[in-house]
Amino acid sequence: MRFIGRRLVFYVITLWAAVTINFFIPRLMPGDPVKALIAKNQGRISTDAMDSLYALFGLDEQVPLWQQYLDYWKTLLSGDLGTSFAYFPTPVSDLINQALPWTVGLVGVATIISFLIGTLIGTGIGWRRGTWADSLLPISTFFSAVPYFWLALIAIFVFSVTLGWFPASGSYDRSLVPGWSWEFVGSVIYYGTLPALTIVISSIAGWILGMRNMVVTVSSEDYVTVAQAKGLSERAVRTGYAARNAVLPQVSSFALSLGFIVGGTLIMEMVFSYQGIGFMLFNAVNAKDYPLMQGCFLVITLAVLVANILADFVYAALDPRTRQEG
C-alpha cells in the first residue's frame, strides 16, 4: 500500500503540472484567438460579441489570472474542455469523443499485436541464439531503421496504387451509415488494415530485438541454470524463468507505447487521412484552434499517465523487489 500511495501522489503532482501548463498555453501563444475567430467568421459573428467570447473562452482580462485558473479547473472537473474555434460552437469534448475511438481502436489493436508477436519471436530467437533464428535479426533491424512515414508511403504505393488491394486513405466507406452492422464493421477493418499493418511492421522489430537481448542476458543467470539442473522441461524453464524475468523491461515499454498511442500516430493519420485524434491535432494546429489543441494535449497527457500507472502496478506484480524498494 505504501508503494501504491507514493506512486499515486507522484502522478497527482504530475497531472497538476500538466494541467497548469495546459492553462497557460493559449495565454503564451502570440495573437488574440477571439479576434482571429471574429475575423474568420466575418458577417456571422458580430464584434459586439467580443466580450462574451472572451468570457466563454476564459480569457477575460477583467478577471484576475488566479480566478481564471480556478475557473479552468472547475470546468475541467465538470468535463468541459471548452468550445472549438475551428468548429464553433461545437464543444471540444464532442470532437475528441468522435476522434479518440478511431485512434485507440486502430493503433491500440496494432500495438498489442506487434507487442505479442514481437515478444514471442524475441523469446524464441534469444533462447536459440547462435542458430538460424539469428538470421532474422538483420531483417528486424532493417525495418526498425525505416522511417515511419516512409514505410506508410511504400505500403500505399504497393498495396493501394499497384495492387489495388486496400484503399489509400480514409477510415470507412463514406457511402455507409456508421453503426454496429457487419457491413460497416467490415468496412472499418478493411480501411484500417493497411495503416495497422504499417504500425505492426514498423514497431515489431523493436519488440523482437529488446526481448531477444533480455532473454540472452537472463538465460545465463544462476536461477535459470538451477531450474535446468532440476530437470524441468525446456519449455517450463524458458517460459517460467527466462521469459518471465526478461519481459519486465518490455512491460514498461509496452505501457509507455499504450500511452503514446493517443498522440504518437500523428504522421500515420496524416499519411492515410485517418480521422483519429492525431489528425485532429494537426488540423487544430493549422487552424490555431487553441481550445482543441489544449483538449488534445490534455487527453494525450492523461493517456501517458494512466499507462505509466498501469506499468508501475504490473511491474510491481511481476517483480516483488519493486514493492520492497518502494
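For Ser187 (side chain) and Glu183 (main-chain N/O), no donor-acceptor pair under 3.5 Å exists by modelled atom type. Judged by distance alone, the side chain of Asn97 and the main-chain N or O of Ser93 form a donor-acceptor pair under 3.5 Å. Between the Asn213 side chain and the Leu209 main chain, a donor and an acceptor come within less than 3.5 Å of each other. Under the 3.5 Å distance criterion, the side-chain polar atoms of Ser220 are matched with a main-chain donor or acceptor of Thr217. When atom types are taken as modelled, the side chain of Thr239 and the backbone of Ala236 share no donor-acceptor pair closer than 3.5 angstrom.
Here Lys230 pairs with Val226, Leu232 under the side-chain contact (heavy atoms from CB on, under 4.5 Å) rule; sequence neighbours left out.
Under the 4.5 Å side-chain criterion, counting only non-hydrogen atoms from C-beta, Leu106 is in contact with Pro195. Within the 4.5 Å cutoff, the side chain of Met214 has no heavy atoms near those of the Val247 side chain. Counting heavy atoms from C-beta on, the side chains of Val215 and Ile125 never come closer than 4.5 Å. Residues Thr90 and Thr83 are not in side-chain contact: their nearest non-hydrogen atoms beyond the backbone lie 4.5 Å or more apart. The shortest side-chain heavy-atom distance between Phe272 and Thr198 falls under the 4.5 Å cut-off. Counting heavy atoms from C-beta outward, Arg238 and Arg128 have side chains that approach closer than 4.5 Å. In this structure, Trp207 and Ile121 have side chains that are not in contact, with every pair of non-hydrogen atoms separated by 4.5 Å or more. In this structure, Ile277 and Leu281 have side chains that are not in contact, with every pair of non-hydrogen atoms separated by 4.5 Å or more.
For the pair Arg174 and Tyr172, the distance from NZ or CZ to the six-membered ring centre is under 6.0 Å and the angle to the ring normal is within 45 degrees.
Note that the OG1 atom of Thr111 and the CG atom of Leu116 stand 10.5 Å from one another [nearest 0.5 Å]. Here the CD1-CD1 distance, from Ile208 to Ile117, works out to 9.0 Å after rounding to the nearest 0.5 Å. Remark: Tyr11 OH to Leu305 CG distance equals 7.5 Å, nearest 0.5 Å. Note: Phe159 CZ to Leu197 CG = 6.0 Å, rounded to the nearest 0.5 Å.
In terms of hydrophobic clustering, with Ile, Leu, Val, Met, Phe, Trp and Tyr side chains grouped at heavy-atom distances under 4.5 Å, Val161 and Leu194 are assigned to a common cluster. Connection of Leu292 to Leu100 is established within a shared hydrophobic cluster, with ILVMFWY side chains joined at heavy-atom distances below 4.5 Å, either directly or through further cluster members. Linking ILVMFWY residues whenever their side-chain heavy atoms come closer than 4.5 Å, directly or via other members, places Phe157 and Ile154 in the same cluster. A continuous path of hydrophobic side-chain contacts links Phe282 to Phe297 [ILVMFWY only; heavy atoms under 4.5 Å]. Trp182 is not connected to Leu176 by any chain of hydrophobic side-chain contacts under 4.5 Å among Ile, Leu, Val, Met, Phe, Trp and Tyr, and they are in different clusters.
Ser84 and Leu95 make their closest contact through CB-CD1, 3.6 Å (heavy atoms, listed as atom of the first residue, atom of the second, distance). Counting all heavy atoms, side chain and backbone alike, Tyr274 lies closest to Ser171 at CE1-CB, 3.5 Å. Closest approach of Thr123 and Met211 over heavy atoms only: OG1-CE, 3.3 Å. Ser202 approaches Leu151 most closely through the heavy-atom pair CB-CD2, 3.6 Å. Contact detail for Val271 and Ala152: the closest heavy-atom pair is CG1-CB, 3.9 Å. Nearest approach of Ser114 to Ile204, heavy atoms of both residues: O-CG1, 3.7 Å.
Legend: salt bridge (Lys or Arg N to Asp or Glu O under 4.0 Å) pairs involving residues 202-228, not counting sequence neighbours, sorted by first then second residue: Asp134-Arg212.
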Please report, to 0.1 Å, the donor-acceptor pairs under 3.5 Å made by any side chain of residues 65-72, with sequence neighbours excluded.
| residue | atom | partner | partner atom | Å |
| --- | --- | --- | --- | --- |
| Gln67 | NE2 | Asp71 | OD1 | 3.1 |
| Gln68 | OE1 | Arg27 | NE | 3.1 |
| Gln68 | OE1 | Arg27 | NH2 | 3.2 |
| Gln68 | NE2 | Asp60 | O | 2.8 |
| Gln68 | NE2 | Val63 | O | 3.0 |
| Tyr69 | OH | Trp16 | NE1 | 2.9 |
| Tyr69 | OH | Thr20 | OG1 | 2.7 |
| Tyr69 | OH | Trp73 | NE1 | 3.1 |
| Tyr72 | OH | Asn22 | ND2 | 3.4 |

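Side-chain contact, Ser175 with Asp173: a donor N or O sits under 3.5 Å from an acceptor N or O.
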Set out, in order, the CA-CA distance, both residues' side-chain angles and the distance that settles side chain to side chain contact (heavy atoms under 4.5 Å, CB included) for Leu76 and Phe23, then state yes or no. CA-CA 11 Å; Leu76 279 185; Phe23 167 77; over 6 Å; no
Give the C-alpha distance, both sets of side-chain angles, the deciding distance and a yes or no for side chain to side chain contact (heavy atoms under 4.5 Å, CB included) between Ser160 and Trp165. CA-CA 6 Å; Ser160 297; Trp165 289 355; over 6 Å; no
Step by step, would you call Glu269 with Trp102 a side chain to side chain donor-acceptor pair (under 3.5 Å)? CA-CA 10 Å; Glu269 292 182 357; Trp102 291 98; over 6 Å; no
Start with the C-alpha distance between Tyr223 and Val218, add both sets of side-chain angles, then the distance that settles side chain to side chain contact (heavy atoms under 4.5 Å, CB included), and finish with yes or no. CA-CA 9 Å; Tyr223 53 81; Val218 169; 3.3 Å; yes
